[in-house]
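Since this is a predicted model, take the numbers as computed values, not measurements. Order of listing sets the numbers, starting from 1, for every ligand and every atom in it.
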Amino acid sequence: MPTSILIKSGNLVTATESYTADILIQDEKIIKIAPNLYAQDAEIIDATGKVVMPGGIDPHVHLALPMFDTISSDDHYTGHKAAAFGGTTTVMDFVVQEPQGFAHSVDLWRRKAEIAAVDYGFHMNLTHFDKQVAKELPALLEMGITTLKVFTAYNGRLRLADGDIYQAMRIAKKLGMLTMLHAENGDVIDVLVDEALAAGHTSPEWHARTRPAWGAVEAAMRGFSLAAETGAPLYLVHMNVAGEVDMLQYARQKGIPVMGEACPQYLFFTEDDLRRPDGAKWICSPPMRTQADNDRLWEGLADDIIQVMGTDHCPFFFDGTTAIRYEGEEIIIPGKELGTDDFTKIPNGLPGVQDRMPILWTEGVAKGRITPNQFVAMMSTNPAKIFGLYPKKGALLPGSDADIVIWNSDVKVNYGIKRSHQRTDYSLYEGWALTGYPEKVYLRGKLIVDGEEWYGAPGMGEYLHRTPNGEIL
Ligand code: URP
Ligand code: ZN
Ligand code: ZN
């Protein structure tokens, strides 16, 4: 049995360079990168003509997240497996803040994640703040959590008052933590939702019509102002509006420590998709916008105004009334049908963790909108740096974890539900013609995906204790 793996003659693509070399892997680590390497007894993998890049890092997924009398339909095994089939070897999930405190909340999430198949970290949703919570924040660092997500929407559920966000950010600054912001105007949304329902508007398009784009722009700028006032870094999640890109660019030009995250769905779809007969499939928060918004988001990525590509993977079944078999098990998880008569009851969220890298390679790299190096930066290296994982993750360097994707950039794939391992009954990208797809995926030196074969297993994924003071890019 070979003890090491030698990946020969691949076109290595990192965030900054592209070159041909061999990679020697021993145990879980990359130990050497150079041309013409030789290692006795190593298993040789010929990567001639293939792109070799660090495993993807998706910093924004919601697995087994309770919502509206149901739960997001991928758990910490099925979602991880789907991630791996798309070239992603690290994901970060959001812990729900329970009244019993952070230790209890994290413990619940750690138990859910015992079935992890790729490496994973956690963010803490900060949805309640008081003196006791403030006192407990340093303990999160001991649990390996360096990031807090705050919300300016979902009033009465997840929203924090601006003053609470301000106080949390002051503490975050002292602790070297990063605040992540969900930016929408919760007050305006509540008024518009009440008015829409009173007028009998119940269809999916009203989800977007009751969540105005200017609310996102204003709330993003509000967050950037708090970053300016506290000096604490802020990361704007799931950007969906042109004005957010403008505000981010403005704040960054002023030297405020702010960064942004795009997600594929906001690059390709618009409010028009909500008007389709199956429009509920596209319901997520924040919602799809217009082509002009999508175009500006692409510009933000190409011009490095936006640093990261996440997914906000939070899948639900379109028809959750029919039992499906998954890996020999019969399951039924209520889904989008919960809101057939009322758009406010449609669970918010979409599948995407597997789609992220293949879709963005085709639409971004193959179509010349971003370079292969930008692709690696936003998919892997930048999230590793921002979220305190670099250079263990996100790098092709001696000493880094051997999380490696061998990518066939020429292969043509007819994408859709047949290729999907995401545990739901639809793909947003049904019938899309892709150029480029992962061929082999290694997690810490172990082959977990080989074409359509799965070699991973529940429990293989390791919890990542992240380090504070991540980079501000
Ligand atoms: O619709 C979405 N995005 N659901 C997940 C929760 C969130 O705000 O990210
Ligand atoms: Zn959010
Ligand atoms: Zn989210």
Contact region, N348 to ligand 1, non-hydrogen atoms below 4.0 Å, reads both
Taking 2.8 Å as the upper limit, name the protein N, O or S atoms near the Zn ion (ligand 3). H60 NE2, H62 NE2, D312 OD1
Between R466 and T147, do the side chains contain an N or O donor and an N or O acceptor separated by less than 3.5 Å? yes
Using a distance-only test with no angle check, is there a side-chain donor-acceptor pair under 3.5 angstrom linking T202 and D342? no
Where on K149 is there a heavy atom closer than 4.0 Å to ligand 1, on the side chain, on the backbone, on both, or on neither? side chain
Which residues satisfy the salt bridge (charged side-chain N to carboxylate O under 4.0 Å, His left out) test with R423, sequence neighbours excluded? D75
Can you find a heavy atom in the side chain of D246 that is under 4.5 Å from one in the side chain of R296? yes
Could you tell me, atom by atom, which parts of ligand 1 come under 4.0 Å of a heavy atom of Y154? 6 (C), 7 (C), 8 (O)
Contacts of type ring-ring contact (aromatic ring centres under 6.0 Å, His included), residue Y426, not counting sequence neighbours: none
Taken in chain and number order and not counting sequence neighbours, the residues that satisfy ring-ring contact (aromatic ring centres under 6.0 Å, His included) with Y429 are F269, W432
Counting heavy atoms under 4.0 Å, the part of F94 that contacts ligand 1 is neither
Determine whether the side chains of H123 and N125 contain a donor N or O and an acceptor N or O closer than 3.5 Å. no
